[in-house]
Structures are given as C-alpha cells and as structure tokens.
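Quick notes on the structure that follows.
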Amino acid sequence: MHISVIQMNQGSDKAANLAQAQRLIEAAVEADRPGLVSLPETWTNLGGGRESRRAAAEVLPEPGAEGGAAYEMLRGLARRHGITVHGGSIIEDGGEKLFNTTLVFGPDGTEVARYRKIHLFDITAPDGTGYRESALYGGGSDLAMFDARGIRFACTICYDIRFPELYQHLRRRGAEAILVPSNFTLQTGKDHWEALLRARAIDTQCWMIAAASYGTYEERGAARSVYGHSLVADPWGHVVAKCSDGIGWATARIDPAVTARVRAGMPLLEHREAARGWVAKAGA
Ligand SMILES: O=C(O)CNC(=O)[C@H](CS)NC(=O)CCC(=O)C(=O)O
C-alpha cells in the first residue's frame with residue numbers, strides 16, 4: 001500500500017487552505033496512486049488567533065449527514081479516487097469548546113474514524129515563544145483506530161508523539177501504522193521531530209506516518225515558523241520517505257512483510273509482557 005504525506009503551508013484563509021489541500025492531494029494521487037493520503041494538523045486554518053479558528057471550525061455531522069466545507073471535501077476526495085483520506089485534523093466546533101480533531105474517510109466516502117487530540121501543547125520554546133494550546137482547544141480522551149487494505153491504523157496528533165505510553169497502548173491494541181499529522185514548531189522540530197518519530201517507530205515497531213505543515217504563519221501579529229519535513233518511518237526506524245522544504249508530498253510503500261519481519265526478529269511486545277515482574281515490585 002502506498003501512502004502519501006501531504007506538506008502544506010496553510011494560514012488563516014480557510015478557502016485558500018482547502019484549495020491548497022485539494023491541489024496537493026490531486027497531484028499526489030495523479031503521480032503516485034497512493035491508497036491513503038494524509039494531511040497535516042489543522043490544515044484548514046493555522047494562526048489568526050481564536051477568532052480565525054472559531055470562524056474556520058465545523059460542527060461535525062451525525063454519521064451520513066451533510067458536514068461543513070472541509071468535511072465534504074475530504075469525503076468527496078475519498079469517494080472520487082477510491083482511497084482512504086486522513087484529514088490530519090480540522091478545527092471542530094464542539095459547542096462551548098473547540099477541538100483539534102482528525103477525520104478519516106474510507107474509499108467509499110464513509111467516515112471511519114474521528115480523533116480529538118489528547119495532549120495539548122502548553123510550553124515555552126527555546127526561543128522564548130510561549131504556546132498555550134489549551135487556551136484554544138479542549139483535549140480528547142478517546143482512542144481511534146481503523147483498517148485500510150488489511151493494515152491496522154491508529155490516530156494521534158502532533159504533540160501526542162512525546163508521550164510513549166499512548167503509542168505503546170496503541171501497539172498493544174493492534175496498531176501497525178500510526179498517523180501523526182503535525183504543526184511542529186521550527187524551534188523544537190529542528191532538534192526533536194525526526195528523533196521522536198524514529199523513536200516511536202523503533203519502540204512500537206509500527207510505521208509512523210507524519211504529514212506536517214511547513215513555513216511561517218501569523219499568530220496574533222507575530223510570525224511563527226513550523227518545521228515541515230513530513231516523513232514516513234518504517235517499523236525498524238528507517239525514514240523511508242521525507243519532504244524537503246516548501247509544500248509538496250512524499251510517498252512510501254507500507255509493506256506488512258516488513259512489519260512482520262521486524263517483530264519476529266525482535267519480539268518486544270512479548271518480551272515486555274514476560275518481564276513485567278519488575279512493574280509490580282517497583283510500583284510502576
Ligand atoms: O494552533 C493550532 O491551531 C493547532 N495546534 C498546534 O499547531 C499545536 C499547538 S501550537 N502545535 C503543536 O502541538 C506543536 C508540537 C510541537 O512542536 C512539539 O511537540 O515540539
């Protein structure tokens with residue numbers, strides 16, 4: 001199965017962002033015929049403060065009902081091309097709160113997964129820039145998984161990548177490939193992005209599928225930069241596809257035989273379970 005990670009440079013113009021996403025997905029489908037395409041985190045709007053996010057937000061419909069512009073665009077692309085479309089994340093209008101929410105549509109246009117980002121990015125970056133995602137969004141608490149072409153996928157978003165326990169749990173729940181759509185900051189991404197994705201691939205023996213935003217955007221009058229370098233890592237930790245700078249995409253072949261070979265040669269899950277005696281003793 002071929003998977004394309006789409007790299008965007010979205011801002012706070014939702015219509016322009018939808019057009020950019022559509023153009024890149026169509027180009028990737030035309031060139032590489034992927035079975036799944038994945039968009040970055042909040043691909044419909046990045047920056048512009050709370051007002052811009054609220055304006056871009058969509059109330060998610062009941063299954064089968066009509067959704068907003070981004071929802072219907074994703075559904076239409078999946079159905080038109082007969083592929084799985086992983087919509088990175090859009091901004092969900094949850095009524096009182098907004099959520100940073102992944103939508104996934106199967107090849108027939110059916111919504112197959114919905115995931116609200118669990119870990120919220122409230123940090124101070126090395127350059128002193130403060131981020132408080134919890135001031136913008138509520139956090140999720142439900143896991144989301146789906147199957148595509150016989151491969152078991154799990155949904156995560158961006159900052160989640162720093163919490164190995166979530167990824168270990170997803171591996172125990174049968175994940176073979178984990179999606180990590182992101183807006184990694186330039187400040188943290190230059191040092192941590194590839195290391196974190198390769199580490200999660202190595203310790204869960206899953207494919208890491210990480211579509212990311214690239215470039216600068218405006219946040220309450222200040223310019224901010226996101227790192228890009230969208231990539232796919234295999235279950236051994238090799239980076240098997242990666243974007244350069246700018247917008248575009250990268251495509252990798254997800255081969256279940258690689259997953260099986262890595263896991264057979266180094267049965268981490270079984271060894272972890274066999275050696276759990278220390279957990280009780282240590283009160284871990
Ligand atoms: O702002 C929005 O609308 C969407 N949310 C994001 O883009 C969030 C909060 S700014 N970004 C991250 O989580 C970056 C994580 C990161 O860079 C790291 O873990 O180092």
Side-chain angles (χ1 to χ4, degrees), residues 8 10-22 38-79 84-106 109-123 130-146 153-163 166 169-170 179-184 211 213 217-221 224 226:
M8 292 180 61
Q10 72 275 32
S12 50
D13 178 341
K14 182 176 181 180
N17 296 335
L18 266 66
Q20 182 184 143
Q22 170 127 6
S38 179
L39 289 170
E41 180 178 17
T42 64
W43 61 277
T44 60
N45 178 95
L46 185 56
R50 180 191 304 275
E51 317 66 50
S52 179
R53 291 175 170 85
R54 174 60 73 177
E58 297 186 7
V59 175
L60 299 188
E62 292 304 312
E66 177 92 7
Y71 189 94
E72 290 305 318
M73 184 184 116
L74 296 174
R75 174 162 38 193
L77 284 164
R79 189 183 292 148
T84 298
V85 174
H86 171 263
S89 69
I90 71 164
I91 301 173
E92 177 193 353
D93 180 345
E96 188 185 330
K97 286 190 172 184
L98 299 179
F99 291 94
N100 187 340
T101 301
T102 290
L103 291 168
V104 185
F105 292 88
T110 304
E111 182 191 326
V112 295
R114 196 178 276 195
Y115 168 73
R116 287 175 169 177
K117 185 176 182 180
I118 291 174
H119 299 91
L120 300 177
F121 190 61
D122 292 358
I123 68 109
Y131 295 84
R132 285 200 65 241
E133 189 173 21
S134 63
L136 296 167
Y137 300 104
S141 57
D142 297 312
L143 303 182
M145 302 181 83
F146 63 95
F153 289 83
C155 298
T156 65
I157 299 175
C158 203
Y159 188 50
D160 286 333
I161 194 74
R162 294 180 180 274
F163 302 88
L166 172 61
H169 182 78
L170 293 169
L179 293 137
V180 198
S182 299
N183 293 320
F184 245 63
S213 307
Y217 66 94
E218 175 273 329
E219 186 68 87
R220 298 192 308 280
R224 284 188 173 172
V226 279

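Just so you know, these numbers come straight off a predicted model, no measurement behind them.
Between Val104 and Thr102 there is a side-chain heavy-atom pair separated by less than 4.5 Å.
Between Arg116 and Glu92 there is a salt bridge, with a side-chain nitrogen of the basic residue lying less than 4.0 Å from a carboxylate oxygen of the acidic one.
Phe99 is linked by a ring-ring contact (aromatic ring centres under 6.0 Å, His included) to nothing, counting only residues two or more places apart in sequence or in another chain. Judged as a side chain to side chain contact (heavy atoms under 4.5 Å, CB included), and not counting sequence neighbours, the contacts of Leu136 are Arg50, Arg53. By the side chain to side chain contact (heavy atoms under 4.5 Å, CB included) test, Ala154 pairs with Met145, Leu170, Ala175, Ile178, sequence neighbours left out. Residues meeting the ring-ring contact (aromatic ring centres under 6.0 Å, His included) test with Tyr131, sequence neighbours left out: Phe121. Contacts of Arg220 classified as side chain to side chain contact (heavy atoms under 4.5 Å, CB included), with partners at least two apart in sequence or in another chain: Arg224.
The closest side-chain donor-acceptor pair between Asp160 and Tyr115 falls under 3.5 angstrom. Counting only N and O atoms by type, the side chains of Asn17 and Thr44 include no donor and acceptor under 3.5 Å apart. Using modelled atom types, one finds no donor on one side chain facing an acceptor on the other under 3.5 Å when comparing Asn45 with Ser12. A donor atom on one side chain and an acceptor atom on the other are not found under 3.5 Å apart for Asn100 and Thr42. Side chains of Ser213 and Gln10: a donor on one and an acceptor on the other come within 3.5 Å.
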Tabulate below the donor-acceptor pairs under 3.5 Å that side-chain atoms of residues 56-68 make, not counting sequence neighbours, or state none.
residue : atom : partner : partner atom : Å
Glu58   : OE1  : Tyr71   : N            : 3.3
Glu58   : OE2  : Lys14   : NZ           : 2.6
Glu58   : OE2  : Ala69   : N            : 3.3
Glu58   : OE2  : Ala70   : N            : 2.7

